[in-house]
Amino acid sequence: VLSIKDLSKENAELQKKNLELESEITKLKEIERENQLLREGLKISEKTQFILEMASVTGKDIQGLQEWILINKGSKDGIEKDMAVISKEFALVGKIFEVMPDFSKVMLINNRKSVVAALIEAERSQGLVGKEEKGKLFMDFIPRNEKLEIEERVITSGMDKIYPKGILIGKIESIDLSQNQLFQKVIIAPAVDFSKLEEVFIVK
């Protein structure tokens, strides 16, 4: 009987140690993932000479529209309003629009209030990127005579003095050449999956 009790106690202790080890492995994996993201951020800095601050996403738009995110960096970290925010893939996420000591809110580029000065990389056609009523990103004010192609890259132009030039916004998904429009209306597929954002970089 004593032997069975000892074995049961030993088994419980082993299970506890196993859980502790699994927890430690999970922590180490997350640390390694964060280190990898920091290394990627350093590569971006080297290429662009940007000063970047990495931040974790701690909250999202409670209405489910994914129009803003909350990050764990604020005024204590030197974060200021209107700083651009990018993903680890060097794609545009949005800009800081509200700053608290320890946290900041980021207005995503798919927010209805967001406007980004942009250009089509190949053609150098300039326009403004915003969100239409149907919820899609679009680029407006492109002359009808400019020939555009599906899948062409759309980047920031820097003309709005908020977003640095050359950051990827997305690719052309479709082109509307309706006769009753003065300009072409270009629908853009964003380069960022906003629903899966966990970490971002603030351009300081």
Among residues at least two apart in sequence or on other chains, which ones pass side-chain contact (heavy atoms from CB on, under 4.5 Å) with Asn145? Pro143
Distance check, rounded to the nearest 0.5 Å: Lys60 atom NZ versus Trp68 atom CH2? 11.0 Å
Do you know the tightest heavy-atom contact between Val192 and Ala91? CG2-CB, 3.6 Å
When clusters are formed by joining ILVMFWY residues with side-chain heavy atoms under 4.5 Å apart, either directly or through shared neighbours, do Ile187 and Phe194 land in the same one? no
Which residues share a salt bridge (charged side-chain N to carboxylate O under 4.0 Å, His left out) with Asp176, sequence neighbours left out: none
Side-chain atoms of residues 166-175: list all donor-acceptor pairs with protein atoms under 3.5 Å, sequence neighbours left out, distances to 0.1 Å.
{"residue": "Glu173", "atom": "OE2", "partner": "Lys136", "partner atom": "NZ", "Å": "2.9"}

Common cluster, Ile155/Val186, ILVMFWY with side-chain heavy-atom separation under 4.5 Å: no
Would you say that Phe201 contacts Met54 through its side chain, given a criterion of any heavy-atom pair below 4.5 Å between the two side chains? yes
Apply side-chain contact (heavy atoms from CB on, under 4.5 Å) to Glu123 and Ile142, showing your working. CA-CA 11 Å; Glu123 299 297 327; Ile142 302 170; over 6 Å; no
Glu199 CD to Lys88 NZ distance, which is reported to the nearest 0.5 Å: 9.0 Å
Does any pair with a residue in residues 125-156 pass ring-ring contact (aromatic ring centres under 6.0 Å, His included), and if so which ones, sequence neighbours excluded? Phe141-Phe183
Taking Asp77 for the side chain and Ile79 for the main chain, is one N or O donor matched with an acceptor at less than 3.5 Å? no
Is there a side-chain contact between Lys204 and Met83 (heavy atoms, below 4.5 Å)? yes
Measuring only between side-chain heavy atoms, which start at C-beta, is Lys95 closer than 4.5 Å to Asn111? no
Per-pair distances, 0.1 Å, donor-acceptor, side chain in residues 157-165, under 3.5 Å, sequence neighbours excluded:
{"residue": "Ser157", "atom": "OG", "partner": "Ala117", "partner atom": "O", "Å": "3.4"}
{"residue": "Ser157", "atom": "OG", "partner": "Met159", "partner atom": "N", "Å": "3.3"}
{"residue": "Asp160", "atom": "OD1", "partner": "Ile162", "partner atom": "N", "Å": "3.1"}
{"residue": "Asp160", "atom": "OD1", "partner": "Tyr163", "partner atom": "N", "Å": "3.2"}
{"residue": "Asp160", "atom": "OD2", "partner": "Ala117", "partner atom": "N", "Å": "2.9"}

Is the shortest side-chain heavy-atom distance between Glu67 and Leu108 below 4.5 Å? no
Do Ser125 and Leu148 make a side-chain contact, defined as non-hydrogen atoms from C-beta onward lying under 4.5 Å apart? yes
Would you say Ile86 ends up clustered with Val106 if hydrophobic residues are merged whenever their side chains have heavy atoms under 4.5 Å apart, either directly or through other cluster members? yes
Considering residues at least two apart in sequence or located in another chain, which fulfil the side-chain contact (heavy atoms from CB on, under 4.5 Å) criterion with Ala55? Ile71, Asn72, Lys73, Val200, Ile202
Output the distance between atom NZ (Lys76) and atom CG (Asp102), rounded to the nearest 0.5 Å. 4.0 Å
OG of Ser87 to CG of Leu92: how many Å apart, nearest 0.5 Å? 8.5 Å
Ile188 with Phe90, same ILVMFWY side-chain cluster at under 4.5 Å: yes
So, taking the atom named CD in Gln184 and the one named NZ in Lys147, what distance separates them when rounded to the nearest 0.5 Å? 11.0 Å
Is there side-chain contact between Met139 and Val129, with at least one heavy-atom pair below 4.5 Å? yes
Going through the checks in order, is the side-chain contact (heavy atoms from CB on, under 4.5 Å) test met by Leu119 and Gln126? CA-CA 4 Å; Leu119 62 86; Gln126 297 199 27; 4.0 Å; yes
